[in-house]
Amino acid sequence: MLRLMESLVYEKDEATLQEVEKMSRHYAQSLKEIPSEKIAAKKDEVNRVGGAFKFLARFNILPANFGPKVEVENIIKEQHWGEK
C-alpha cells in the first residue's frame, strides 16, 4: 500500500488511486479489530501509514477528510504516539 501511495506522488493514476483507497479502508478496518493490548506492536507501521496519509493530503492527492486517514490519525492520538 505504501508503495502505491508513493507512486501517486509521481503520477496521479485513477486506477492506482482507487486501489489505494480500497486498501486504505481495509487497513483502517483491520486496525480497529486489533485488541487494545496488542495495538502497540503496530506503532511504527501505523505512524508510517499516518505520515503517508498526511503527505498525500498536503499535496491534494487524497482529501484531508479521507476516512481511513482520519481513522489512523485518531488511533495515533488515542495511543499518544504523536507526542514527542
Side-chain angles (χ1 to χ4, degrees):
M1 179 174 71
L2 290 173
R3 290 186 191 253
L4 287 176
M5 292 170 124
E6 181 182 2
S7 75
L8 290 172
V9 173
Y10 300 106
E11 183 176 344
K12 191 171 181 181
D13 174 62
E14 191 60 36
T16 304
L17 181 61
Q18 289 176 0
E19 185 66 21
V20 166
E21 289 174 352
K22 180 177 125 185
M23 293 173 81
S24 298
R25 286 186 187 93
H26 182 276
Y27 179 75
Q29 184 61 39
S30 71
L31 287 178
K32 289 180 186 178
E33 295 170 0
I34 297 174
S36 59
E37 63 272 1
K38 294 185 179 183
I39 192 78
K42 297 273 191 181
K43 177 182 178 180
D44 291 336
E45 175 187 308
V46 174
N47 278 327
R48 267 195 313 275
V49 172
F53 281 139
K54 283 182 186 178
F55 186 86
L56 293 176
R58 183 180 327 139
F59 292 99
N60 298 316
I61 297 168
L62 288 175
N65 62 350
F66 180 56
K69 173 188 176 290
V70 172
E71 291 172 20
V72 169
E73 287 175 345
N74 288 338
I75 290 170
I76 292 170
K77 287 177 190 172
E78 289 168 6
Q79 298 296 320
H80 306 286
W81 292 340
E83 299 173 0
K84 298 201 178 191

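All of these numbers come straight from a predicted model, not from anything done at the bench.
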- Note on the structure: Residue pairs meeting salt bridge (Lys or Arg N to Asp or Glu O under 4.0 Å), one or both in residues 4-15, sequence neighbours left out, come to none
Could you tell me the separation between the [atom1] atom of [X] and the [atom2] atom of [Y], rounded to the nearest 0.5 Å?
{"X": "I76", "Y": "L31", "atom1": "CD1", "atom2": "CG", "answer": "9.5 Å"}
{"X": "I61", "Y": "L8", "atom1": "CD1", "atom2": "CG", "answer": "6.0 Å"}
{"X": "S24", "Y": "E19", "atom1": "OG", "atom2": "CD", "answer": "9.5 Å"}
{"X": "L62", "Y": "L17", "atom1": "CG", "atom2": "CG", "answer": "6.0 Å"}
{"X": "I39", "Y": "I34", "atom1": "CD1", "atom2": "CD1", "answer": "4.0 Å"}

- Tell me, please, which residues at least two apart from E21 pass side-chain hydrogen bond (donor to acceptor under 3.5 Å, both in side chains). none
Pairs under 3.5 angstrom only: tabulate donor-acceptor contacts from the side chains of residues 45-58 to other protein residues two or more places apart or in another chain.
from, atom 1, to, atom 2, distance (Å)
E45, OE2, Y27, OH, 2.9
N47, ND2, K43, O, 3.4

- Going through the checks in order, is the salt bridge (Lys or Arg N to Asp or Glu O under 4.0 Å) test met by E73 and K77? CA-CA 6 Å; E73 287 175 345; K77 287 177 190 172; 5.4 Å; no
- Looking only at heavy atoms, which two atoms of V70 and A64 are closest? And how far apart? CG2-O, 4.2 Å
- Item | Heavy-atom closest pair, residues K69 and P63 | CD-O, 4.2 Å
- Walk me through it: do M23 and H26 pass the test side-chain contact (heavy atoms from CB on, under 4.5 Å)? CA-CA 5 Å; M23 293 173 81; H26 182 276; 5.6 Å; no
- Task: Take F66 and E71, measure what side-chain contact (heavy atoms from CB on, under 4.5 Å) needs, and give me the verdict at the end.
- Result: CA-CA 9 Å; F66 180 56; E71 291 172 20; over 6 Å; no
